[in-house]
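Below, chains carry the letters A, B, ... as their sequence lines are ordered, and counting in each starts from 1. Values below: every heavy atom of this structure, side chains too, minus hydrogens, waters and symmetry copies.
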Amino acid sequence: MTRFAPSPTGYLHIGGGRTALFNWLYARGRGGKVLLRIEDTDRDRSTPEASAAILRGLTWLGLDWDGDVVSQFDSKDRHAAVAHEMLARGTAYKCFSTQGEIAAFRAEAEARNTYAVFQSPWRDADPATYPDAPYVIRMRAPRSGDTVIDDKVQGQVRIANAQLDDMICLRSDGIPTYMLAVVVDDHDMGVTHVIRGDDHLNNAARQQMVYDAMGWRIPVWAHIPLIHGPDGKKLSKRHGAVGVEEYQKMGYPAAGMRNYLTRLGWAHLDAEIFTTEAALQMFDLEGIGRAPARLDFKKLENTCGHHISMSADAALLHELQAFLAVTGKPPLTEPQQDLLLKAIYCVKDRAKTFPELLDKAHFVLVSRPIARDDAATNSLDAAACAILQSLVLQLQNLHWTKPELEMILTAAATANGIGFGKLAAALRAALAGRTIAPSVYDMMLVLGRDETIERLAEAANTAQSLG
RNA sequence: GGCCCGUUCGUCUAUCGGUUAGGACACCAGGUUUUCAACCUGGGAAGAGGGGUUCAACUCCCCUACGGGCUGCCA
């Protein structure tokens, strides 16, 4: 049983997406479950919009979860009850120190250029001396000895208890802190494996104390390194895309994204390009590296290119339409869908992203009269138009197959004493309005005899009328 | 400041004491070609620095440097 527990304070960060993916791969690869819990105990920063964005991001990545999305805040009474139970057990105590007092303590330490953990004067105070004032519930943490985190990624990490303060479990307004809530929820929900960013590694020590205080079983920890930008610094907005949805809008296929993210910071021998099914088979905590990985868009694109060419045509068309929808572009018309489906086979090997795929398939998305770019117009000179004109006649009656077309076109080129390349340029200009387009045979096959002839005739006439 | 984690080609990484340090992306050169892309062949490219331990260290230990994280009534 794993879980993904993002805090709803913004979009789904690419690093969060990878964390979710690792949880998902680990659990689903061995018949386990994945839970989704929104860590919204910080009422000021949590928003429903952010929650929705996170769900959209996960869904796009193709990651599903078991059961309902859990709101951590909904369990606040249970968290508070646990805090009070710790109080009753003596593993926690009431602290009446005000935030001002604590701030003053820290300021003083800083002035001396030192750092000291805050030690509450109420830790061992006689309850008879408790004032009638707001209080927080603090964990009565051990002050000597070490806490050892047995981590699947980081190994055994030993942290001196003297480094850790008595963390607050219940705020003075009765709302639980993340530190308490996360432990209670993970325990209550039956989470056995906690796979999360290594920014939580130090926190794990304190959280472990809560498990101990309550006599609960400590989960398997796996703290994975964060993702960095191309410059090796922590990934932030100045690096460009950090939100998962931005990648969707740039037109990367979800399968390619999964593949790339899986390989970022994880490896299994020389496996590079693999399906999600294969990833589920291979994925293991052992393969996760300990160093932070940098984002490399070139490799992302390459990976996505492989996945686009691996995809089934119909699935690709579906995803392409979803891409158009999220980017606010006009949807495909029925005829465009039909033609595109036929054309995908000859363009999917050459595209790394959906915008590229759309660009390569430009010839089926346009309709007559076909707009031409300058290069296309230039390649339609008088000689070329004459050949197109003659081809219009020759193409009327023949088997519409590649070998037949090949015979006709190469014959036309040699008969007119020009290279096939030149003829192909004219044909591309006629069929696609561009000189950069797929193979002329593929285009003719996809467009069919009638449309091909119409386009050739149109090109020949247009050029003639121009003089 | 304290504590924790990290450091193999430009990048992602393999290696789990003995390898000509392997693969992928990127890059360069050549080839193929019907444009673009793809593809094929070849090439350059790495163990942060310094000490140990060992017959032998990228691999184990220590120090330094650099990077990151934590140090909140944030998560």
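- Side-chain proximity of A/Lys299 to B/A24, B/C73, B/C4: nearest is B/A24.
- Residue-level contact check: A/Gln99 touches the bases, meaning some heavy atom is under 4.0 Å from a base atom.
- Side-chain atoms of A/Asp442 and A/Tyr345 include a donor-acceptor pair closer than 3.5 Å.
- Remark: the A/Arg428 side chain and the B/U35 base include a donor-acceptor N/O pair separated by less than 3.5 Å.
- For A/His307, the ring-ring contact (aromatic ring centres under 6.0 Å, His included) test picks out no residue, with sequence neighbours left out.
- Between A/Ile168 and A/Ala437, the residue anchored nearer the 5' end of RNA chain B, judged by the nucleotide with its closest heavy atom, is A/Ala437.
- The nearest whole Å value for the distance from the CG atom in A/Leu201 to the C1' atom in B/A75 is 16 Å.
- Using atom P as the reference point in both B/U20 and B/C28, the two lie 32 Å apart (nearest Å).
- Proximity note for A/Arg350 (side chain, C-beta onward) versus B/C12, B/C3, B/A37: the nearest is B/A37.
- If you take atom C1' in B/A37 and the same atom in B/C5, they sit 43 Å apart, rounded to whole Å.
- The base of B/C5 is not paired with the side chain of A/Arg290 by any donor and acceptor separated by under 3.5 Å.
- What separates CE of A/Met209 from C1' of B/C70 is a distance of 14 Å, to the nearest Å.
- Across the interface with RNA chain B, nearest-nucleotide mapping of A/Pro230 and A/Glu406 shows A/Pro230 to be the residue nearer the 5′ end.
- With hydrogens and angles ignored, no donor-acceptor pair under 3.5 angstrom links the side chain of A/Asp199 to the base of B/A75.
- As the counterpart of B/C66, B/G6 is assigned, both hydrogen-bonding distances of the Watson-Crick or G-U wobble pattern falling under 3.5 Å.
- Residue A/Thr147 is classed as having no contact, given no heavy-atom separation below 4.0 Å to the nucleic acid.
- Side-chain atoms of A/Asp198 stay outside donor-acceptor range of the base of B/G69, with no qualifying N/O pair under 3.5 Å.
- Nearest to the side-chain atoms of A/Asp270 among the listed nucleotides B/C36, B/G23, B/C73 stands B/G23.
- Pairing for B/C39 is with B/G31, a Watson-Crick or G-U wobble pair whose two hydrogen-bonding atom distances lie under 3.5 Å.
- Taking the centre of each ring, A/Trp266 and A/Phe283 come in below the 6.0 Å mark.
- Atom CD1 in A/Ile227 sits about 10 Å away from atom P in B/U13, given to the nearest Å.
- Spacing between atom NE2 of A/His223 and atom P of B/C70 amounts to 12 Å, rounded to whole angstrom units.
- The distance from atom CZ of A/Arg206 to atom P of B/A75 is 12 Å, rounded to the nearest whole Å.
- B/G17 and B/A24 have their P atoms separated by 26 Å, with the value rounded to a whole Å.
- For the residue pair A/Thr147/A/Asn161, the side-chain donor-acceptor check at 3.5 Å is satisfied.
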CA sep, side-chain torsions, deciding dist, call: A/Glu451, A/Leu339, side chain to side chain contact (heavy atoms under 4.5 Å, CB included): CA-CA 11 Å; A/Glu451 180 65 18; A/Leu339 272 176; over 6 Å; no
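- Between the side chain of A/Ser172 and the base of B/C73 there is at least one donor-acceptor pair of N/O atoms closer than 3.5 Å.
- In this model, no donor atom of one side chain and acceptor atom of the other lie less than 3.5 Å apart for A/Asp284 and A/His268.
- Nucleic acid contact class of A/Asn203 (heavy atoms, under 4.0 Å, all strands): base.
- Between the C1' atoms of B/C25 and B/C16, the separation comes to 25 Å (whole Å).
- Atom NZ of A/Lys298 and atom C1' of B/U13 are 19 Å apart (whole Å).
- When the C1' atom is compared between B/U15 and B/A65, the two are found 26 Å apart, to the nearest whole Å.
- Residue A/Ser46 is out of contact with every strand shown, counting any heavy-atom pair closer than 4.0 Å.
- Across the strands present, B/C55 finds its partner in B/G18; the criterion is a Watson-Crick or G-U wobble pair with both atom distances under 3.5 angstrom.
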